[in-house]
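Counting starts at 1 for both ligands and their atoms, following the listed order.
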Amino acid sequence: MILILHAQLTEEERSQVHSQVSDISGQQGSLVKIEGSYVLTLDGARVHQKARSLIAGLGGIKRIVAIPTAYKLVSRHFKDERTAVVVGSDHACNAIAIGAGQPAIIAGPCAVENREQLFEVAMEVKTAGATMLRGGAFKPRTSPYQFQGLGLEGLSLLAEARERSGLPIVTEVMEPDMVETVAWYADMLQIGTRNMQNYPLLRACGRHSHKRPVMLKRGLSATIEEWLLAAEYIVASGNPNVVLCERGIRGYDPLTRNVLDLTAVPLLKELTHLPVIVDPSHATGKSSLVPAMARAGIAAGADGLMVEVHTHPDQALCDGKQAITPRQLFKIAFDSHAIAGLTFGESKGEESKGLIV
Ligand code: PEP
Ligand code: MN
């Protein structure tokens with residue numbers, strides 16, 4: 001259940017409505033500002049009929065929207081028009097809008113390894129058609145003995161690479177206490193597959209002061225509903241700028257790293273207004289399979305791709321087997337624009353408009 005508050009309320013009046021609704025419903029709910037409107041979200045299933053009438057009679061509430069799904073703010077029942085997420089507008093770089101029609105091409109190494117590697121790959125992916133640079137400074141590795149990333153040094157190298165290339169940067173944050181720091185450097189925060197249900201981290205990414213957009217990767221074996229509820233945590237904590245990234249789910253065949261669930265892309269387009277991108281690198285684990293699955297992702301309606309690229313994949317400190325070269329990226333970027341042009345107007349060509357209330 002979503003209560004949309006009147007725009008002219010003062011902060012004091014809004015918090016008064018919030019506490020009245022909390023008293024009546026017995027729920028704290030979440031009060032956040034989304035596209036200029038203040039909205040208070042509750043679990044409607046726990047609001048009985050009498051409480052509903054009391055809430056409906058309160059002043060200050062413009063409209064009540066019943067949402068039949070467990071996720072509310074990310075649902076198309078709340079907002080039917082597609083959301084476009086702008087990335088890079090707070091730093092000196094070429095900002096992009098993910099979900100506005102043109103496919104986002106996010107490319108770069110799995111991990112920031114050193115200055116030369118990052119700067120070289122940043123310029124090469126840019127030439128190949130990338131619109132954003134990726135690179136992990138804090139790496140969630142399966143073994144504690146593997147390369148764990150350069151940490152803070154990696155973040156400052158990424159910021160320098162943004163300055164040189166003009167590409168906005170996305171990098172992973174693993175701990176709630178590091179969100180402010182990572183957000184200070186980055187244009188977009190990445191929540192990795194292993195952390196999709198790390199609720200303190202989701203909340204911290206929602207609340208942090210820089211309000212950077214968040215790329216939320218699908219959990220290793222998460223259902224679509226669990227994934228959307230994870231996105232809901234971020235939005236309900238105050239950050240409406242979330243992009244979902246399908247990166248494959250755990251399968252049984254060791255010949256591929258994961259199973260790329262492409263059905264998730266058009267399904268998510270039905271269920272949520274948030275943009276959806278595809279990561280064919282972690283989905284396949286194998287560079288030879290990346291171009292075909294990248295094309296398939298865009299054909300399925302994805303708003304962009306996240307691809308791991310290395311100038312010397314055989315020397316990569318992390319995920320070298322799935323890394324493609326900048327030259328291969330050039331073809332993927334070219335094909336993506338061509339394929340997106342063919343499907344334009346189907347689902348992702350709709351213009352992103354404001355909130356319907
Ligand atoms: C990554 O993008 O580098 C990464 C670790 O991905 P995932 O969380 O999907 O495994
Ligand atoms: Mn990787």
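- Between Asp279 and ligand 1, not a single N/O pair is under 3.5 Å apart.
- Interatomic distance, NE2 of His273 versus OG1 of Thr83, reported as 4.5 Å (0.5 Å rounding).
- Panel note: side chain Arg212, backbone Ala183; a donor-acceptor pair is recorded below 3.5 Å.
- If you put the vertex on the Mn ion (ligand 2), SG of Cys110 and OD2 of Asp319 sit 100° apart, to the nearest 10°.
- For atom 8 (O) of ligand 1, the nearest non-hydrogen atom of the protein is Thr193 N, 2.8 Å.
- Only one option out of Met178, Gln190, Glu172 pairs with Phe138 in a side-chain contact (heavy atoms from CB on, under 4.5 Å); it is Met178.
- Each of the atoms 8 (O) of ligand 1 lies under 4.0 Å from some heavy atom of Gly192.
- Using modelled atom types, one finds a donor on one side chain and an acceptor on the other under 3.5 Å when comparing Gln322 with Asp319.
- Taking 2.8 Å as the criterion, His282 counts as a coordinating residue of the Mn ion (ligand 2), since one of its N, O or S atoms falls below it.
- Heavy-atom separations between Glu172 and ligand 1 include at least one value shorter than 4.0 Å.
- If you look at Glu308 and ask which of its N, O or S atoms sits nearest the Mn ion (ligand 2), the answer is OE2.
- By the 30° and 60° cut-offs, the orientation of the rings of His210 relative to His208 is tilted.
- Looking from atom 4 (C) of ligand 1 to the surrounding protein, the closest heavy atom is His282 NE2, 3.4 Å.
- Annotation: Arg257 places no N or O atom under 3.5 Å from an N or O atom of ligand 1; distance criterion only.
- Of the protein's non-hydrogen atoms, the one nearest atom 6 (O) of ligand 1 is Lys217 NZ, 2.9 Å.
- Among all protein heavy atoms, the one lying closest to atom 9 (O) of ligand 1 is Arg247 NE, 2.6 Å.
- Residues Ile234 and Asn241 form no side-chain contact, since every pair of their non-hydrogen atoms from C-beta on lies 4.5 Å or further apart.
- No donor-acceptor pair closer than 3.5 Å links the side chain of Glu246 to the backbone N or O of Leu244.
- Residue Lys139 approaches ligand 1 through these ligand atoms, each under 4.0 Å from one of its heavy atoms: 1 (C), 3 (O), 5 (C).
- Tested against Tyr71 for a side-chain contact (heavy atoms from CB on, under 4.5 Å), the candidates Ile224, Val235, Leu229 yield a single pass: Leu229.
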